[in-house]
Amino acid sequence: MSRFERVKQWATFSRTWHVYDAKWQNPFHSAKVITKHLEGKNKPIYHPLNDCGDHVIVINSKHVALLGREWQFRVYFHHTGYPKAHKQSGHGNGPLWIPAWQLHDRDPTLIMWKACYNNLEGNLLRPKNMARLHVYPEEEVPEELMANVTHQIPGIRPVPKKLDDYTEKEREEFPKLFDFKEDFVHDKKGLDEIKDP
């Protein structure tokens with residue numbers, strides 16, 4: 001076996017670290033891509049009983065995007081552990097259905113975490129696979145984790161650029177739909193100076 005083949009073999013069996021930017025991405029579509037790396041399905045040595053998954057760091061989970069009114073209509077089940085009849089223990093006892101927007105306000109990492117958890121197979125390897133998922137609400141990640149990253153998982157859909165992200169030269173070169181007249185008022189500041197005929 002040549003040295004190059006041996007290095008390829010080591011790289012196959014080693015646990016690599018990936019980073020995924022969840023900004024403006026659908027968490028449930030992203031979970032399908034992330035869980036493939038957590039389970040090791042991206043490797044040629046994958047087997048359902050083989051624990052060969054990689055580590056995945058998810059950043060910007062606070063800025064995930066859900067379709068339409070899914071923030072209001074998607075709900076998550078939670079049980080307090082107390083029977084509903086125990087009024088002395090608290091007002092909201094028993095089973096609770098929490099909307100996605102409320103859960104996202106409490107912890108911005110939970111929507112992405114639950115999406116990945118539900119997408120994994122419910123076997124004995126699921127806790128080990130979930131232990132290799134590291135979700136952060138913003139781009140601040142500990143340096144000792146980012147030092148291990150060797151690959152970036154591409155986003156599912158491209159993130160549109162804001163107007164502030166374009167340079168002044170790019171704005172001028174952008175094709176105009178129509179030209180304004182010379183006496184056109186762009187804002188209300190100049191309305192006081194204009195006199196009616």
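A salt bridge (Lys or Arg N to Asp or Glu O under 4.0 Å) with Asp54 is found for exactly one of Lys36, Lys41, Arg132, Lys43, namely Lys43. With Cys116 as the partner, the side-chain contact (heavy atoms from CB on, under 4.5 Å) test is satisfied by one option alone out of Val58, Asn129, Val135, Thr35: Thr35.
Taking each heavy atom of Arg126 and Tyr117 in turn, the nearest pair found is NH1-O, 3.0 Å. Nearest heavy atom pair, residue Ile156 against residue Gln25, reads N-OE1, 3.3 Å. The minimum heavy-atom distance between Pro160 and Trp24, with the atom names listed, is CG-CZ3, 3.2 Å. Scanning all heavy atoms of the two residues, the minimum distance from Glu70 to Ala100 falls at O-CB, 4.2 Å.
Within 6.0 Å of the CZ atom in Arg171, the count of heavy atoms belonging to other residues, nucleotides or ligands exceeds 12. Within 6.0 Å of atom CG in Leu124, 12 or fewer heavy atoms from other residues, nucleotides or ligands are found, so the atom counts as exposed in its surroundings. Around atom CD of Glu139, no more than 12 heavy atoms belonging to other residues, nucleotides or ligands sit under 6.0 Å away.
Counting only heavy atoms from C-beta outward, the side chains of Met112 and Pro27 approach each other to under 4.5 Å. The shortest distance between side-chain heavy atoms of Leu66 and His104 does not fall below 4.5 Å. For the pair Ile111 and Trp71, the minimum side-chain heavy-atom distance is below 4.5 Å. Using a 4.5 Å cut-off on side-chain heavy atoms (C-beta onward), Phe13 and Gln9 make contact.
A donor-acceptor pair shorter than 3.5 Å can be found between the side chains of Thr16 and His18.
Val64 and Val19 are members of different hydrophobic clusters when ILVMFWY side chains are connected at heavy-atom separations under 4.5 Å.
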Inset, instruction - Before giving the answer on side-chain contact (heavy atoms from CB on, under 4.5 Å), spell out for Leu103 and Lys114 the whole-Å C-alpha distance, their side-chain angles and the decisive distance to 0.1 Å. - result: CA-CA 11 Å; Leu103 189 72; Lys114 284 178 176 286; 4.0 Å; yes
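Checked against the 6.0 Å centroid criterion, the rings of Tyr76 and Trp97 do not qualify as a close aromatic pair.
Atoms CG and CD1, on Leu133 and Ile57 in that order, are 10.0 Å from each other to the nearest 0.5 Å.
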